[in-house]
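One structure is given below, encoded as structure tokens.
The figures here come from the full heavy-atom set of this structure, side chains too, leaving out hydrogens, waters and symmetry mates.
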Amino acid sequence: QVQLVESGGGLVQAGDSLRLSCAASGRTFSSYTMAWFRQAPGKEREFVAAIRWSGGSTYYADSVKGRFTISRDNAKNTVYLQMNSLKPEETAVYYCAAARGLYTDARAYDYWGQGTQVTVSS
């Protein structure tokens with residue numbers, strides 16, 4: 001079992017940067033993938049980025065590629081999402097999730113954090 005706790009959300013202005021953190025506890029395996037999703041009111045949960053727990057290979061949604069960076073610190077069991085040049089339409093609850101493979105579909109993920117609100121004002 002894996003427990004995930006997000007932090008770092010808040011209110012920022014358009015064009016600003018923000019770094020989210022996801023602290024993981026419990027057992028993880030080398031095959032696990034850590035990912036970030038976001039969900040705005042009335043919209044589907046959207047894949048943002050993913051990283052392999054071991055090895056560090058990454059995958060990004062086209063909408064954030066070049067602006068967002070996902071990284072991990074295995075010693076701290078923490079995954080980060082560095083978000084640059086934030087846009088108002090990216091206002092959403094951001095969730096950390098864990099799965100046993102690299103997936104972009106939220107339905108494939110077994111564990112979820114509680115979410116952290118990111119609000120980008122114009």
Side-chain angles (χ1 to χ4, degrees):
Q1 188 176 358
V2 176
Q3 297 82 43
L4 307 173
V5 179
E6 302 98 331
S7 62
L11 174 64
V12 298
Q13 300 291 318
D16 284 354
S17 298
L18 199 62
R19 189 176 76 158
L20 306 181
S21 298
C22 174
S25 61
R27 181 67 183 273
T28 60
F29 300 94
S30 61
S31 62
Y32 266 51
T33 295
M34 305 297 295
W36 289 95
F37 291 80
R38 62 190 179 193
Q39 187 166 25
K43 303 197 71 175
E44 297 291 321
R45 191 164 298 187
E46 175 189 22
F47 172 79
V48 177
I51 187 168
R52 298 288 285 182
W53 195 252
S54 179
S57 58
T58 59
Y59 191 83
Y60 295 93
D62 288 342
S63 61
V64 306
K65 194 173 183 65
R67 296 187 298 115
F68 289 13
T69 302
I70 188 170
S71 61
R72 89 276 191 248
D73 185 334
N74 284 3
K76 296 180 179 179
N77 286 343
T78 300
V79 176
Y80 305 96
L81 183 67
Q82 177 66 45
M83 304 184 292
N84 296 331
S85 301
L86 281 162
K87 305 173 182 179
E89 57 264 37
E90 293 176 313
T91 293
V93 176
Y94 283 68
Y95 296 93
C96 181
R100 290 182 177 269
L102 203 166
Y103 307 106
T104 59
D105 190 334
R107 293 171 293 182
Y109 285 78
D110 301 306
Y111 306 103
W112 293 86
Q114 81 288 349
T116 185
Q117 176 71 46
V118 173
T119 302
V120 185
S121 63
S122 59

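- Taking each heavy atom of S54 and N74 in turn, the nearest pair found is CA-ND2, 4.5 Å.
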(request) Take Y60 and I51, measure what side chain to side chain contact (heavy atoms under 4.5 Å, CB included) needs, and give me the verdict at the end. (result) CA-CA 9 Å; Y60 295 93; I51 187 168; over 6 Å; no
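- In this structure a side-chain-to-backbone donor-acceptor pair under 3.5 Å is present from R67 to N84.
- Side chain of T119 to main chain of T91: no donor-acceptor pair is present (N/O by atom type, distance under 3.5 Å, no hydrogens or angles).
- For the pair A14 and P88, the tightest heavy-atom approach, listed with the atom from each and the gap, is CB-CD, 3.9 Å.
- Considering every non-hydrogen atom in both R72 and G56, the closest pair reads NH2-N, 3.4 Å.
- Distance check, rounded to the nearest 0.5 Å: CD of E6 to CG of L81 gives 11.0 Å.
- The OG atom of S63 sits 7.5 Å away from the NZ atom of K87 when rounded to the nearest 0.5 Å.
- Judged as a ring-ring contact (aromatic ring centres under 6.0 Å, His included), and not counting sequence neighbours, Y111 has no contacts.
- When every heavy atom of L4 is checked against every heavy atom of Q114, the shortest pair comes out as O-OE1, 3.8 Å.
- Taking CE from M83 and CG from D16, the interatomic distance works out to 11.0 Å, rounded to the nearest 0.5 Å.
- Here the side chain of N77 pairs no donor or acceptor atom with the backbone of A23 at under 3.5 angstrom.
- Side-chain atoms of E90 and V118, non-hydrogen and from C-beta on, never get closer than 4.5 Å to each other.
- A donor-acceptor pair is defined here as one N or O able to donate and one able to accept, closer than 3.5 Å; no such pair exists between the side chain of Y80 and the backbone of T69.
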(message) Could you go through R38 and L20, starting from their C-alpha distance and side-chain angles, then the distance that decides it, and tell me whether this counts as side chain to side chain contact (heavy atoms under 4.5 Å, CB included)?
(response) CA-CA 12 Å; R38 62 190 179 193; L20 306 181; over 6 Å; no
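- Summarising the geometry of S122 relative to Q13, their closest heavy-atom pair is O-OE1, 3.9 Å, with the distance given to 0.1 Å.
- Under the ring-ring contact (aromatic ring centres under 6.0 Å, His included) criterion, F47 pairs with F37, Y59, not counting sequence neighbours.
- Atom CD of E44 sits in a sparse spot, with 12 or fewer heavy atoms from other residues, nucleotides or ligands closer than 6.0 Å.
- Checking side-chain atoms of T116 against main-chain N and O of Y94 turns up no donor-acceptor pair under 3.5 Å.
- For the residue pair C96 and M34, the shortest heavy atom distance occurs at SG-CE, 3.9 Å.
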